[in-house]
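Here's the structure, in structure tokens; my notes come after.
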Amino acid sequence: MEASNQSAVTEFVLLGLSAHPKLEKTFFVLILSMYLVILLGNGVLILVTILDSRLHTPMYFFLGNLSFLDICYTTSSVPLVLDGFLTPRKTISFSGCAMQMFLSFAMGATECVLLGMMAFDRYVAICNPLRYPVVMSKAVYVPMAISSWVAGGANSLVQISLAVQLPFCGDNVINHFTCEILAVLKLACADISINVISMGVANVIFLGVPVLFISGSYVFIIATILRIPSAEGRKKAFSTCSAHLTVVVIFYGTILFMYAKPKSKDPLGADKQDLSDKLISLFYGLLTPMLNPIIYSLRNKDVKNAVRYLVAQKRFTQ
């Protein structure tokens with residue numbers, strides 16, 4: 001009977017906003033709008049970094065990777081969320097759930113590593129400008145980007161492999177919009193200590209280490225900038241890394257807010273807090289990918305000029 005119960009779960013039910021049906025249409029329009037902005041903004045950034053030869057540098061190569069990563073990350077979950085708002089019974093197969101968890105986990109870990117790579121690029125550009133062409137040659141920065149994707153994918157493969165091996169004994173309701181891994185692990189009818197330890201180690205490697213690396217890089221960057229004698233020189237140097245620093249602050253700041261937010265001890269407010277936690281998690285996954293192209297466009301003259309040039313070229317050809 002136990003084996004039968006454990007093998008019975010072939011799909012999961014996603015609660016989403018089932019308890020708040022009046023909100024579903026509103027959030028459908030809002031999230032769809034944000035998703036379209038993400039596709040458009042990041043798509044334009046990828047396009048200009050490929051087509052404009054002036055942007056064929058390590059920084060913009062990493063930026064193109066970041067934009068592609070953000071499109072992949074949101075596409076792994078947003079269509080599922082949007083479909084859930086329109087479908088009365090929101091279900092996803094076991095294999096589909098595993099694939100969605102794998103993609104989300106892989107993209108998240110890859111972004112952490114990639115932001116660290118971008119910090120190193122800015123460190124070399126500002127602190128060792130004469131050696132920059134040698135240190136950040138194409139033979140170096142391309143493998144760096146590839147290694148970030150490989151590391152994120154390998155980490156995700158380990159975490160999801162451990163999760164799908166767990167037995168699920170009948171309860172298949174996920175109190176979330178997507179197959180969020182912690183929500184899925186709660187449904188397992190076995191000890192998940194190994195999963196928790198494994199995810200803790202992964203968080204140290206893919207969250208803690210990049211944060212320390214980025215922080216250390218910017219300590220040296222700021223110290224170097226402050227030693228520049230002219231105010232104009234300091235402003236120019238800081239402008240080359242301000243967009244990346246802004247993205248890092250938003251990315252890690254949102255994560256810190258999610259985990260540091262105090263939990264309500266009032267049972268009557270549990271449902272409201274549960275809803276707010278789900279919505280915060282959902283919008284966290286959309287906020288950074290939506291803001292990244294906006295930040296890099298507004299705070300970077302090279303990108304703005306490349307976009308203007310691309311638009312002008314298109315008008316001329318018409």
Rounded to the nearest 0.5 Å, the CG atom of Asn42 sits from the CD1 atom of Ile71 at a distance of 5.0 Å
Atom pair CG (Leu66) and CG (Leu45), whose distance is rounded to the nearest 0.5 Å | 9.0 Å
Would you say Ser217 and Arg122 make side-chain contact, with heavy atoms under 4.5 Å?
-> no
Search all heavy atoms of Thr178 against all heavy atoms of Gln100 and return the closest pair with its distance.
-> CB-OE1, 3.5 Å
Hydrophobic clusters join Ile, Leu, Val, Met, Phe, Trp and Tyr when side-chain heavy atoms are under 4.5 Å apart, directly or via other members; which others share one with Val219?
-> none
CZ of Phe213 to CE of Met117, rounded to nearest 0.5 Å, is 8.5 Å
Interatomic distance, CD1@Ile160 vs CE@Met101, rounded to 0.5 Å, equals 4.5 Å
What heavy-atom pair brings Met290 and Val37 nearest, and what distance separates the two atoms?
-> CG-CG1, 3.6 Å
Only one of Asn292, Thr288, Thr75, Asn65 forms a side chain to side chain donor-acceptor pair (under 3.5 Å) with Asp70, so which one is it?
-> Asn292
Members sharing Ile194's hydrophobic cluster, built from side-chain contacts under 4.5 Å between Ile, Leu, Val, Met, Phe, Trp and Tyr, are Val158, Leu162
Check whether any side-chain heavy atom of Asn128 sits under 4.5 Å from a side-chain heavy atom of Val135, and report yes or no.
-> no
Got Phe85 and Ile31 here, is their nearest side-chain heavy-atom distance under 4.5 Å?
-> yes
Tightest non-hydrogen contact, residues Ile46 and Gly64, listed as CG1-O, 3.8 Å
Passes side-chain contact (heavy atoms from CB on, under 4.5 Å), Val48 versus Leu55? Steps please.
-> CA-CA 8 Å; Val48 296; Leu55 301 184; 4.1 Å; yes
Hydrophobic cluster mates of Leu226, side-chain heavy atoms under 4.5 angstrom, ILVMFWY only, any path?
-> Ile222
By side chain to side chain donor-acceptor pair (under 3.5 Å), Ser148 pairs with (sequence neighbours left out) none
Where do Ala109 and Gly152 come nearest, in terms of heavy atoms and distance?
-> CB-CA, 3.8 Å
Any link between Leu207 and Leu212 through a network of hydrophobic side chains (Ile, Leu, Val, Met, Phe, Trp, Tyr) touching at under 4.5 Å?
-> no
Positive for ring pair (Phe, Tyr, Trp, His ring centres under 6.0 Å) with His244, one of Tyr123, Phe251, Tyr218 | Tyr218
When you look at Met34 and Thr74, which way does the side-chain contact (heavy atoms from CB on, under 4.5 Å) test go after all the steps?
-> CA-CA 10 Å; Met34 293 177 71; Thr74 51; over 6 Å; no
Give a yes or no on whether Leu86 and Tyr35 share a hydrophobic cluster (residues Ile, Leu, Val, Met, Phe, Trp, Tyr; joining criterion: side-chain heavy atoms under 4.5 Å apart).
-> yes
Can you tell me how far the CG atom of Leu80 sits from the CG atom of Leu14, to the nearest 0.5 Å?
-> 5.5 Å
CG/Leu69 to CG/Leu63 distance, rounded to the nearest 0.5 angstrom?
-> 11.5 Å
Summary of salt bridge (charged side-chain N to carboxylate O under 4.0 Å, His left out) pairs that have at least one residue in residues 224-250, sequence neighbours excluded | none
Is it possible for you to say whether Val209 and Met144 belong to one hydrophobic cluster, with membership spreading through side-chain heavy-atom contacts below 4.5 Å?
-> no
Can you see which heavy atom on Pro129 is nearest to which on Pro133, and at what distance?
-> O-CD, 3.8 Å
Could you go step by step and tell me if Val81 and Phe28 meet the side-chain contact (heavy atoms from CB on, under 4.5 Å) rule?
-> CA-CA 8 Å; Val81 174; Phe28 176 86; over 6 Å; no
Is Met99 atom CE crowded by more than 12 heavy atoms from other residues, nucleotides or ligands, each under 6.0 Å away?
-> no
Quick one: list whatever passes side chain to side chain donor-acceptor pair (under 3.5 Å) with Ser77, sequence neighbours left out.
-> none
Which heavy atom in Ala119 sits nearest to a heavy atom in Ile214, and how many Å separate them?
-> CB-CG1, 3.8 Å
Lys90 with Glu24: basic N within carboxylate O range, under 4.0 Å = yes
With sequence neighbours left out, write down each residue that passes ring pair (Phe, Tyr, Trp, His ring centres under 6.0 Å) with Tyr132, or none if nothing qualifies.
-> none
Under the side-chain contact (heavy atoms from CB on, under 4.5 Å) criterion, do Tyr296 and Val247 qualify, and how do the steps go?
-> CA-CA 9 Å; Tyr296 275 100; Val247 168; 3.6 Å; yes
Apply side chain to side chain donor-acceptor pair (under 3.5 Å) to Tyr73 and list each qualifying residue two or more places apart in sequence or on a separate chain.
-> none
With sequence neighbours excluded, residues passing salt bridge (Lys or Arg N to Asp or Glu O under 4.0 Å) with Arg54 | Asp52
Tell me, which pairs form a disulfide bond (SG atoms under 2.5 Å apart) where one or both residues lie in residues 51-102, sequence neighbours left out?
-> Cys97-Cys179
Within a strict 4.5 Å, meaning less than it, do heavy atoms of the Ile221 and Cys241 side chains meet?
-> yes
Quick note, ring pair (Phe, Tyr, Trp, His ring centres under 6.0 Å) partners involving residues 39-72, not counting sequence neighbours, are Phe61-Tyr141, Phe68-Trp149
Under the side chain to side chain donor-acceptor pair (under 3.5 Å) test, residues paired with Ser76 that sit two or more places apart | Ser104
When the ring centroid of His176 is compared with that of Phe12, is the distance short of 6.0 Å?
-> no
Taking side chain as C-beta onward, heavy atoms only, is Met59 less than 4.5 Å from Met118?
-> no
